[in-house]
**Q** 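Have a look at this one before I ask anything.
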Amino acid sequence: MKKRYIDLMEKALSAYSRAHIERYFNDVKRDGLTEHGFPRLTSNIGILISHGRRIDLLSLFLEMMDFCCTQIPRVKAANDFSVREILNCIEAVEHAKILDAARVDAWKREIASIEPYSCYTKIAGDEDEVIFNWALFTAVSEYRRNVAGLADTAGVIDIQLATQLKHLDENGMYRDGTHHAPVVYDHVPRGLFAILLRLGYQGKYRERIDDTIQKAALLSLKMQSVTGELPFGGRSNQFLHNEPWLALIFEYEATRYKKTGDLALAGRFKAAAARAVDVTEYWLSKSPIYHIKNRYPTKSKFGCEEYAYFDKYMITAASFLHEAYLTCDETIAATELDVTTPVAWQTSEYFHAVYLRAGGYSAQIDTAADPHYDASGVGRVHRAGAPSAICMSVPCPGGKPNYVLETPTPRALSFCAGVKTGDEWCFATGTDTIYEVVALSQDDGRAGSELCCRFADGKNVKSAITVSENGVLAEVFGNGEIAFSLPAFAFDGETNTEIVAGAHTLEIHYGGWVCRYETDGEITDLGFTAENRNGRYRAFAATGKNVLRVQIRILPATL
């Protein structure tokens, strides 16, 4: 696994040509250091050189590293992120003994000169300050300086940690800012806590941090898709850096359980880490390499928030792979990852999600989606081994999405119940519909959730979602005309799928697989398209009266 992590770091870096790196460096020299993308790129080049890779970039790296180490103590440029990564690089090249000691010592002196309250963009002055995960990046960067013998700022670190521990829910998941807590911004702080403990933090919050991340990591095993993916939900989702960070969390937990002697659970976490890395490897095998899970040209920024541009987020995958590398214990044997045992689990209200898994399929339901990123309903259906987007990985947002789409008039779309209002179908995708999770079940090879949807016009519709080896079964119960929406994946930015609609079946052919919807109602073309971070969908629905059934299966095209 360690070699695999370094191989994939090199693959991620290969997305930047030398000319691209030089152009980026020229821009930074002209404008000054303004954010952490450039130090992150610099750090990863140095780390790869220390492993005998990309020696062709050595002279350029030295100039880049001199620039970063000189600038970071003098300008606020998201150094909260950068200091940890620059020190990882310094440690790697020093250990490899590939540079003159005087050069490395000069870098260390610059990093030692940092004054925390002048250097970091987000740093709490007292424990009562409301501040989010940047302060945790700051805490880890400062602890990294302490470990390197370049600072003695334990008090500053503990102030930052005190502010961060206030953002945890009852499951140990990190609530970032609002009721709509993004899933990436839950996992990233938990990974930072793990890095802190791996580095040896023994401060007054150690025990609480340790208990928190242990509890939440067990839940991440339930949340991980059968394809290995991080859950959907909120900002910074569907980028290639998502799964490397998940791998970091799982690698840390594998080492935890090895120490306690629970080799079976250690092996499960090790297998989950490998499955996450499989996702990254799949996307890095594409040509050209993009930093998000679609095939739209990078310049289009399709699926990206304003801050999530290529130069910053492409190299982030390599950076996070390196943290997983540093955490990895290769003596732990991975066991076969269990994707068949039924799991039905519901998060706290801050994440408003239900996770179902059984028989090699998984589904994720959002009961109160942030409309700027997602839509309520079943927003993910995956089958192990199949292309994750063939059915749906993340819902399509409506209204005013906070990331770039092609359409000027986005439409919300997920798998969800619908009712007829006049001549129009109304689906339970938005904030005007209230979801109640009535029951969860997991037995007999099945995992299920019973939902009640209250529509704005006063109509109530019940639905039961059941996951098993036969796929995902949706049963809808209402009075009069009812429907269940069916997203049909149409275009990934490069390839058009083949969509075949019949009276009672709908098929999507893509990547050697078929997603097949079968219903005892009628297949209706809703006549609009919708988009998410992965691409474009056509909207269909199964329609009927009072009771409606839809079976979703994902099958190899040869069957």
Side-chain angles (χ1 to χ4, degrees), residues 9 12-13 16 18 20-51 53-96 98-116 118-123 134 137-138 140-151 195 241 307 309-323 326:
M9 286 178 65
L13 179 61
Y16 300 77
R18 186 186 182 99
H20 185 148
I21 297 170
E22 289 175 341
R23 183 172 62 251
Y24 190 7
F25 191 14
N26 286 333
D27 290 345
V28 173
K29 284 188 287 189
R30 182 192 66 228
D31 301 331
L33 204 59
T34 59
E35 47 81 35
H36 56 287
F38 184 76
R40 181 168 283 168
L41 178 62
T42 302
S43 171
N44 280 275
I45 292 172
I47 290 163
L48 285 167
I49 290 171
S50 76
H51 284 272
R53 318 286 183 98
R54 298 309 306 266
I55 304 298
D56 59 300
L57 295 175
L58 177 58
S59 61
L60 181 58
F61 160 70
L62 293 174
E63 187 181 353
M64 293 167 67
M65 190 70 166
D66 287 345
F67 182 88
C68 288
C69 291
T70 302
Q71 285 278 298
I72 285 172
R74 293 166 175 81
V75 296
K76 286 192 175 184
N79 300 323
D80 322 57
F81 303 83
S82 303
V83 170
R84 167 182 58 87
E85 301 193 41
I86 289 293
L87 283 169
N88 283 347
C89 177
I90 290 174
E91 180 181 76
V93 297
E94 188 172 35
H95 178 75
I98 58 173
L99 297 180
D100 181 82
R103 189 71 165 265
V104 176
D105 287 344
W107 293 339
K108 287 183 178 180
R109 284 195 299 273
E110 292 289 359
I111 300 304
S113 73
I114 286 172
E115 201 292 311
S118 299
C119 178
Y120 297 115
T121 304
K122 301 286 186 181
I123 181 167
W134 279 47
F137 278 99
T138 293
V140 178
S141 280
E142 270 305 283
Y143 190 72
R144 193 71 183 77
R145 285 208 309 144
N146 280 238
V147 170
L150 304 179
I195 292 170
H241 64 63
Y307 60 79
Y309 47 89
F310 179 92
D311 280 351
K312 183 197 293 185
Y313 264 13
M314 184 68 245
I315 201 60
T316 299
S319 175
F320 290 2
L321 285 162
H322 184 242
E323 287 293 356
L326 292 174

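The model shown is predicted, which means the values in this text are computed figures rather than measured ones.
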**Q** Starting at CG of Leu62, measure out to CZ of Phe67 and round the result to the nearest 0.5 Å.
**A** 15.5 Å
**Q** Which pairs pass salt bridge (Lys or Arg N to Asp or Glu O under 4.0 Å) with one or both residues in residues 60-77, sequence neighbours excluded?
**A** Lys29-Glu63, Asp66-Arg103, Arg74-Glu110
**Q** Quickly, which of Phe137, Tyr120, Tyr313, Phe81 forms a ring pair (Phe, Tyr, Trp, His ring centres under 6.0 Å) with His36? Name it, please.
**A** Phe81
**Q** Any salt bridge (Lys or Arg N to Asp or Glu O under 4.0 Å) involving residues 32-42? Give me the pairs, sequence neighbours left out, ordered by first then second residue.
**A**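 Output for this query lists Arg40-Glu85.
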**Q** Considering only heavy atoms from C-beta outward, does the side chain of Met9 approach that of Arg54 to under 4.5 Å?
**A** no
**Q** Please name the pair of heavy atoms, one in Ile114 and one in Cys119, separated by the smallest distance, quoted to 0.1 Å.
**A** CG2-CB, 3.5 Å
**Q** Can you tell if the side chain of Thr121 reaches within under 4.5 Å of the side chain of Thr138, non-hydrogen atoms only?
**A** no
**Q** A side-chain contact here means heavy atoms from C-beta on lying under 4.5 Å apart; do Ser141 and Asn79 qualify?
**A**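 Contact flag for Ser141/Asn79 side chains = no.
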**Q** Working to the nearest 0.5 Å, report the span between CD1 of Ile315 and CG of Asn44.
**A**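 Rounded to the nearest 0.5 Å, the CD1-CG separation comes out at 4.5 Å.
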**Q** Looking at every non-hydrogen atom in both residues, tell me the closest pair between Met65 and Ile90 and how far apart they are.
**A**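 Smallest interatomic distance, heavy atoms only, reads CE-CG1, 3.5 Å.
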**Q** Within the 4.5 Å heavy-atom criterion, are Leu33 and Pro39 side-chain neighbours or not?
**A** yes
**Q** Between Leu87 and Ile111, is any pair of side-chain heavy atoms under 4.5 Å apart?
**A**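 Leu87 reaches Ile111 side chain to side chain.
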**Q** For residues Pro116 and Arg145, report the shortest heavy-atom separation together with the two atoms involved.
**A**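 Distance-wise, the nearest heavy atoms are CG-NH2, 3.9 Å.
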**Q** Looking at Gly46 and Cys89, what are the two nearest heavy atoms and their distance?
**A** CA-SG, 3.8 Å
**Q** Taking the six-membered ring for Trp, are Tyr16 and Tyr24 closer than 6.0 Å centroid to centroid?
**A** no
**Q** So which atom in Cys69 and which in Ile86 form the shortest heavy-atom distance, rounded to 0.1 Å?
**A**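 Residues Cys69 and Ile86, closest heavy atoms: SG-CG2, 4.0 Å.
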**Q** For Ile72 and Ser82, which heavy atoms make the closest approach, and how far apart are they?
**A**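 Shortest heavy-atom separation between Ile72 and Ser82 comes out as CD1-CB, 4.0 Å.
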